[in-house]
Amino acid sequence: MFDNPYSTAVLAWYETNARDLPWRRDDATPWSILVSEIMLQQTPVVRVLPAWEAWLERWPTPAHLAEEPSGEAVRMWNRLGYPRRALNLHAAACAIVERHGGEVPAAHADLLALPGVGSYTAAAVASFAFGRRHAVLDTNVRRVLARAHTGVQYPPKAQTKAETALAESLVPPDAAVAARWAVAVMELGALVCTARSPACADCPIAAQCAWRLAGKPAYEGPPRRGQTYAGTDRQVRGRLLAVLRESPAPVPKSALDVVWQEPVQRERALDALVADGLVDPLEDGTYALPS
DNA sequence: AAGGCGTGGCG
DNA sequence: TCGCCAAGCCT
């Protein structure tokens, strides 16, 4: 039996508080929505906006991207971070052309089969682009439900079955309403029920929020591990790839060697980039983005 | 299933 | 300052 005590207030709040994001406009396509979802994985909206515009200007359909070498996708990705997403998007475009006649599929299972598309992204695209009824559970929604429903400040580090079950129990029966609920509760988490300083005074469900009613108890549990960056392989990979992105031609290894002093770590990072398909070692000893 | 994978802004 | 955080995915 469906009982979502938050949906009416959250939906009404969304009507007047939603951001005007380009991938939410009427002229957004399933492809442009898929691109936005991949770009938004672990990446703030403000940084995605210009990248999304440029990407769709150049590749307005999956077929346009599929025609190009994967390295062009990596180059276009610029400094968005996690560049394997560019490779995934290129491979997804190829798969969409080969398996779906160039049209982004609407079925969750078909979306899930695309590289770089996990359960969240598949549900988001099915919901936002096609109006399908799915639980859309991202970090924003997890935080809202942790607070409003469970009464704790933060969700657990790894997503649990209980969270999935809760999210599914809250999906409105009607598909169109469900899609609206999905984007609305995400937006609430992004704008009001934020991680560091939630604006409870502006929250449409503050009166029903279990965490607020309990006096906003502080998070209890294992320390949430922060990802260090300086000195890691990730930083080295980032520097190596930046050299290749910025060079229109293949580069000699000496151009890569200068970005990191320590040779063992440098070689390990380069080997990993090659293994990941982000870098192509050419026969003449130079390196390039993949073709 | 815990940890790797980029980047940059903010409190 | 520097740790935390930002519409996760993959192995």
Side-chain angles (χ1 to χ4, degrees), chain A residues 18-19 21-24 28 32-52 74 77-89 91-92 111-129 134-144 153-161 163-164 167 179 182-191 193-198 219 222-245 259 265 268-269 271-273 275-279:
Chain A
R19 288 168 293 181
L21 299 174
W23 44 85
R24 288 180 183 163
S32 72
I33 290 169
L34 173 61
V35 171
S36 79
E37 288 301 334
I38 300 292
M39 287 185 169
L40 286 163
Q41 291 170 3
Q42 303 284 281
T43 308
V45 167
V46 288
R47 206 176 310 159
V48 166
L49 283 168
W52 182 87
V74 175
W77 200 253
N78 199 11
R79 303 187 68 81
L80 262 192
Y82 294 138
R84 59 178 48 167
R85 291 182 294 168
L87 229 40
N88 287 149
L89 205 38
L111 289 162
L112 196 55
L114 299 173
V117 176
S119 65
Y120 160 75
T121 302
V125 173
S127 179
F128 304 155
H134 290 286
V136 181
L137 191 55
D138 78 326
T139 189
N140 290 303
V141 179
R142 292 184 64 212
R143 190 173 55 249
V144 171
Q153 186 176 18
Y154 297 118
K157 288 195 301 268
Q159 190 176 315
T160 63
K161 298 282 189 184
E163 289 182 273
T164 305
V183 70
V185 69
M186 276 180 64
E187 190 78 334
L188 185 65
L191 297 184
C193 194
T194 59
R196 301 208 193 181
S197 51
Y219 173 78
R224 327 167 85 224
R225 108 191 124 80
Q227 40 181 348
T228 55
Y229 182 63
T232 62
D233 285 10
R234 290 155 82 163
Q235 184 180 25
V236 185
R237 289 167 56 110
R239 289 192 184 182
L240 291 169
L241 206 56
V243 171
L244 296 174
R245 265 199 320 263
V259 305
Q265 186 180 24
R268 183 173 65 230
D271 287 348
L273 285 171
D276 287 350
L278 285 162
V279 171

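Here is the naming used below: chain letters follow the sequence lines, and residue numbers restart at 1 for every chain.
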Nearest-angstrom distance, P atom, C:dA7 to B:dC5: 22 Å
Rounded interatomic separation in angstrom, taking CG from A:Leu240 and P from B:dT7: 10 Å
Pairwise C1' distance, C:dA6 and B:dA1 [rounded to whole Å]: 23 Å
Sugar-phosphate only, base, or nothing, as touched by A:Leu80 at under 4.0 Å among non-hydrogen atoms: base
Phosphate-side-chain proximity, A:Arg142 and C:dA6, N/O vs OP1/OP2 below 4.0 Å: no
Separation of C:dG3 P from A:Arg196 CZ (nearest whole Å): 12 Å
Touch class at under 4.0 angstrom, heavy-atom based, for A:Ala124 against every strand present: nothing
Nearest listed nucleotide, side chain of A:Pro83, among B:dC5, B:dG6, C:dC5: B:dG6
Value in whole Å for how far the C1' atom of C:dA7 lies from OH of A:Tyr82: 14 Å
Main-chain N/O of A:Gly231 paired with A:Gln265 side-chain donor or acceptor, under 3.5 Å: yes
Interatomic distance where CH2 belongs to A:Trp77 and C1' belongs to B:dC5 [whole Å]: 13 Å
A:Asp233 CG - B:dG3 C1' separation (whole Å): 13 Å
Donor-acceptor pair under 3.5 Å, A:Arg47 side chain vs B:dT7 base: yes
Identify the pairs formed between an N or O of the protein and an N or O of nucleotides 9-11 of chain C at a distance under 3.5 Å, and give each distance.
{"residue": "C:dC9", "atom": "OP1", "partner": "A:Gly118", "partner atom": "N", "Å": "2.8"}
{"residue": "C:dC9", "atom": "OP1", "partner": "A:Gly118", "partner atom": "O", "Å": "3.4"}
{"residue": "C:dC9", "atom": "OP1", "partner": "A:Thr121", "partner atom": "N", "Å": "3.0"}
{"residue": "C:dC9", "atom": "OP1", "partner": "A:Thr121", "partner atom": "OG1", "Å": "2.7"}
{"residue": "C:dC10", "atom": "OP1", "partner": "A:Gly116", "partner atom": "N", "Å": "2.8"}

base_contact_polar (C:dG8 base, A:Thr139 side chain, donor-acceptor, <3.5 Å): no
Distance in angstrom units between A:Arg268 CZ and B:dG4 P, rounded: 11 Å
Rounded distance in Å - CG (A:Leu278) to P (B:dG4): 18 Å
Whole-Å P distance, C:dC9 and B:dG8: 23 Å
Sugar-phosphate only, base, or nothing, as touched by A:Ile33 at under 4.0 Å among non-hydrogen atoms: nothing
Pairing stems for DNA chain B [at least three consecutive pairs; Watson-Crick or G-U; under 3.5 angstrom]: B:2-5 with C:8-11, B:7-11 with C:2-6
Any donor-acceptor N/O pair, A:Arg24 side chain to A:Arg19 backbone, under 3.5 Å: yes
Base B:dG6 to side chain A:Arg234, donor-acceptor N/O within 3.5 Å cut-off: yes
Check: A:Arg85/A:Asn88 side-chain N/O donor and acceptor closer than 3.5 Å: no
